[in-house]
2 protein chains.
Amino acid sequence: MTLAEQCRARGWPVWATEDESVVLVCADCLDVLSLIEAGSVGAVVTDPPYSSGGAFRSDRNQSPSVKYTPNVQRAYAAFSGDNRDQRAYGYWCSLWLAGLLRASRIGATCSMFTDWRQLPTTTDAMQAGGWVWRGIAVWNKTEAARPAKGRFRNQCEYIVWGSCGALGTEVGTSTDGIPCLPGLWTVPTAGMEKEHVAEKPESLLEGLVEICPPGGLVVDPFMGSGTTIVAAVRLGRRAIGVEIDRKYFDIAVKRVEAELNRAPLFEPPPAIQKKLI
Amino acid sequence: MTLAEQCRARGWPVWATEDESVVLVCADCLDVLSLIEAGSVGAVVTDPPYSSGGAFRSDRNQSPSVKYTPNVQRAYAAFSGDNRDQRAYGYWCSLWLAGLLRASRIGATCSMFTDWRQLPTTTDAMQAGGWVWRGIAVWNKTEAARPAKGRFRNQCEYIVWGSCGALGTEVGTSTDGIPCLPGLWTVPTAGMEKEHVAEKPESLLEGLVEICPPGGLVVDPFMGSGTTIVAAVRLGRRAIGVEIDRKYFDIAVKRVEAELNRAPLFEPPPAIQKKLI
DNA sequence: TGTAGGTATGAATCCGACT
DNA sequence: AAGTCGGATTCATACCTAC
C-alpha cells in the first residue's frame, strides 16, 4: 500500500498527485512518520512551532497568534504544539527527529528552523534524535521584533542542520548536482502576504530545498501553509508534507495545486538566487 | 592601590596610561579578574579561544595555526588555552564569566564570540556564570568560509550576549547615549593584515563596543592582539585588557599606543557604520 | 582601463594507516 | 580497540599578474 492509501485507510485527509510524487496529509506527524518507507527520504526541511517567547507557562498557554503578534490587527488561526517548555520541547523534537532518521537514506540532511532562545535545545534534540549535527545557517530577516536602545537586535533566525550518517562519501550519497550552499540568507519579511504567523519567504525555502539531490524526496512534518512543499515542487523534488491543523492543511493544498498548475513555459518560476549574501 | 599597581606588585607585565583609563596586563585572566573593582565594569567584549575544530583531543592538541589554517603559507604564533573538550570549555568559561560578573555594575553587558560548534556550550556557560542571556548577534564573514558541495557554508561566527541583571531599567542603568544596535554585521576578513589567527576586523569590534555607555569601562580578558581595546579607545571608552601570551601582549601594547598617538584632528577615525545590514 | 587567468586563502574535515 | 594520529582534500572568492 502506498503512503497515501495507508493514510486514507486511517481516515486522515490526504491530497496527493497521481504518481504520489507529492503527498500531503492532515494528521499528527508522529503518527505518519512510521508509515514513510525506510531509507527513502533525501532531505527534511521544516519549521516546527518554536514554543518560545515566554518564560512562564501562562505566557506559553496563550494562543500563538496573540503571543507573537499582540498588536497586529490581522488574525491568524491558532496553531498547535506551541506550548511546551524548553525541556519538553527538546524531548518532543528528538522524538520526531528520530522518526525521520529512520525514514532517511544515508547522507540525507535535516534542516530545521529555530530562534535564538531554542537554538541550544534544538542542536541537542537533533543529536539526541540520531542526526550528526553539521552546522548552523542564518536567516537575516533584517527587521527585529522590537528594536531597543542598548541592545543588539535579534534580527536573525537560525537553521540547524545535520546529516543521517556520513555526508556525500558513502555509496549512493553522492553530492552530484548539489552546489555549494550559502550559510546566510538575507530575505526581508516586510510586506509578505502571510497565511501563517510563522510563514517563511518562498525564496528562502527554495535555497534550503537545494540541499536535497534533484529528484529526491523532501519531507516537511510541520507543513503549515506549505511553503516548503511549494519550493520542493518548483525545484523538481518529490515531497511529503504533514500538517495537524485542518485549516492550514487546506491552505497548503491550495498553494501546492496552484504551483503544479502553473504553465512553466509561459510563466517560468523565478530563478533561484544562487548568491544571497 | 590601583589595578596597575596591584598587577605590577605581583610581577606581571603591565602597560597603562597615566590616568589608568587604559590598563593592559600580561597574565592569566582568572588571576586578574578578582583585582578589578566590583561594580566598575560597563561592558565585557571578548573573543576567547574556541577550543573547537576537532572531534578528538589529538586534533585540538595541534597548534591552533596548524588546526585552523593548515594550507596557509603564513605562520601565526601559537596561542594558549585552545585544547579543552566541550565540557571543560563550558566549566572554564563559567569560571571567568562569574569573575567578570562580580566586577560588573548592574545593567552591564557581556558579549562573547563563539563558533557554531561551541554556541550551545557558550550560552550554557554564560548563564552558569550568572549572566542573563539576552540573545545572539551574528558576524557574517562572507567569503572566508570553506565551501563544500552539498553543505551549507559555515560563513558566520556568533556573538552570545547577556546582561548583569536588569537591562536599562534599574536606577543607574540608563541606556542614554547608546543607540539601537544591529544584530548582524557583514564584515569580510579578506585582505586583513592579521597578527593573530583569530583576529577580528576593527570595524566589527567598534560595533560591539558601542553597547558600552560612553565613558564606561570595557574589559577584554582575552585581548589577543588588542582589537577590542583599540576599538574602545577609539570610541572614548575606558578599557582593561588581559592577555596570557607575552608575544600577543606586546603586539597589543604597540597597537594601543599607536591608536592613542593618532592626531584625531588630522586623521579622524573612520566613521562607525551605524547600519550594517 | 579592462579582461582573463593563476594563486593564495580559510577559528576544517575526512579517511586510511597505525598503535 | 564504543581509539588515535597525520596527511590529503574541499572550492568559492579575493587578489595579483599578465596581457
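Residue numbers start from 1 in every chain, and the chains themselves are labelled A, B, ... in the order their sequence lines are given, proteins ahead of strands.
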- Could you provide the dot-bracket string of DNA chain D, using ( ) for intrastrand pairs, [ ] for crossing pairs and | for bases paired to another strand, with Watson-Crick or G-U pairs below 3.5 Å? |.|||||||.|||||||||

- Message: Need one value for P188(B): base, sugar-phosphate or nothing, where a base atom within 4.0 Å counts as base even if backbone is also close, heavy atoms only.
- Response: nothing

- Query: According to a strict under-4.0 Å criterion, is R134(A) in side-chain N/O contact with OP1 or OP2 of dA12(C)?
  - Reply: no

- Message: How many whole angstroms separate atom NZ of K194(B) from atom C1' of dT9(C)?
- Response: 9 Å

- Task: Would you mind telling me which of dT13(C), dA11(C), dC11(D) lies closest to the side-chain atoms of Y50(B)?
- Result: dA11(C)

- Can you name the residues that form a side-chain contact (heavy atoms from CB on, under 4.5 Å) with R255(B), not counting sequence neighbours? E199(B), E202(B), S225(B), T227(B), V230(B), I251(B)

- Query: Taking NZ, NE, NH1 and NH2 as the nitrogens, is one of them in D250(B) or R246(B) under 4.0 Å from a carboxylate oxygen of the other?
  - Reply: yes

- Item | Set of side chain to side chain donor-acceptor pair (under 3.5 Å) partners for S163(A), sequence neighbours left out | R134(A)

- Message: Expressed as a whole number of angstroms, how long is the span from K149(B):NZ to dT10(D):P?
- Response: 10 Å

- Atom CZ of R151(B) to atom P of dT13(C): distance rounded to whole Å? 8 Å

- Task: For W116(B), report the nucleic acid contact type (base, sugar-phosphate, nothing); a contact means any heavy atom under 4.0 Å.
- Result: sugar-phosphate

- Item | Distance in angstrom units between F152(B) CZ and dT13(C) C1', rounded | 18 Å

- Task: State, without any angle test, whether E257(B) and W15(B) hold a side-chain donor-acceptor pair at a distance under 3.5 Å.
- Result: yes

Show me the side-chain donor-acceptor pairs of residues 120-128 of chain B shorter than 3.5 Å, one per line, residues at least two apart or across chains.
residue, atom, partner, partner atom, Å
T122(B), OG1, T114(B), OG1, 3.1
T122(B), OG1, Q118(B), O, 2.7
T123(B), OG1, P120(B), O, 2.9
Q127(B), NE2, T123(B), O, 3.2

- side-chain contact (heavy atoms from CB on, under 4.5 Å) involving A77(B) - partner list, sequence neighbours excluded: K247(B), Y248(B)

- Item | Integer-rounded Å distance: dA11(C) P and K141(B) NZ | 4 Å

- Message: I'd like to check the side-chain contact (heavy atoms from CB on, under 4.5 Å) partners of P49(B); sequence neighbours left out, ordered by chain and number.
- Response: F79(B), D82(B), W92(B), F222(B)

- What integer distance in Å separates L204(B):CG from dA11(C):P? 13 Å

- Does dC14(C) have OP1 or OP2 sitting under 4.0 Å from an N or O in the side chain of R146(B)? no

- Atom CE of M112(B) to atom P of dA11(C): distance rounded to whole Å? 18 Å

- Which value, in whole Å, describes the distance between the C1' atoms of nucleotides dT9(C) and dT9(D)? 15 Å

- Message: Between P on dA11(C) and CG on L119(B), what's the gap in Å once rounded to a whole number?
- Response: 17 Å

- Query: Does the base of dA11(C) carry an N or O that pairs as donor and acceptor with the side chain of D47(B) under 3.5 Å?
  - Reply: yes

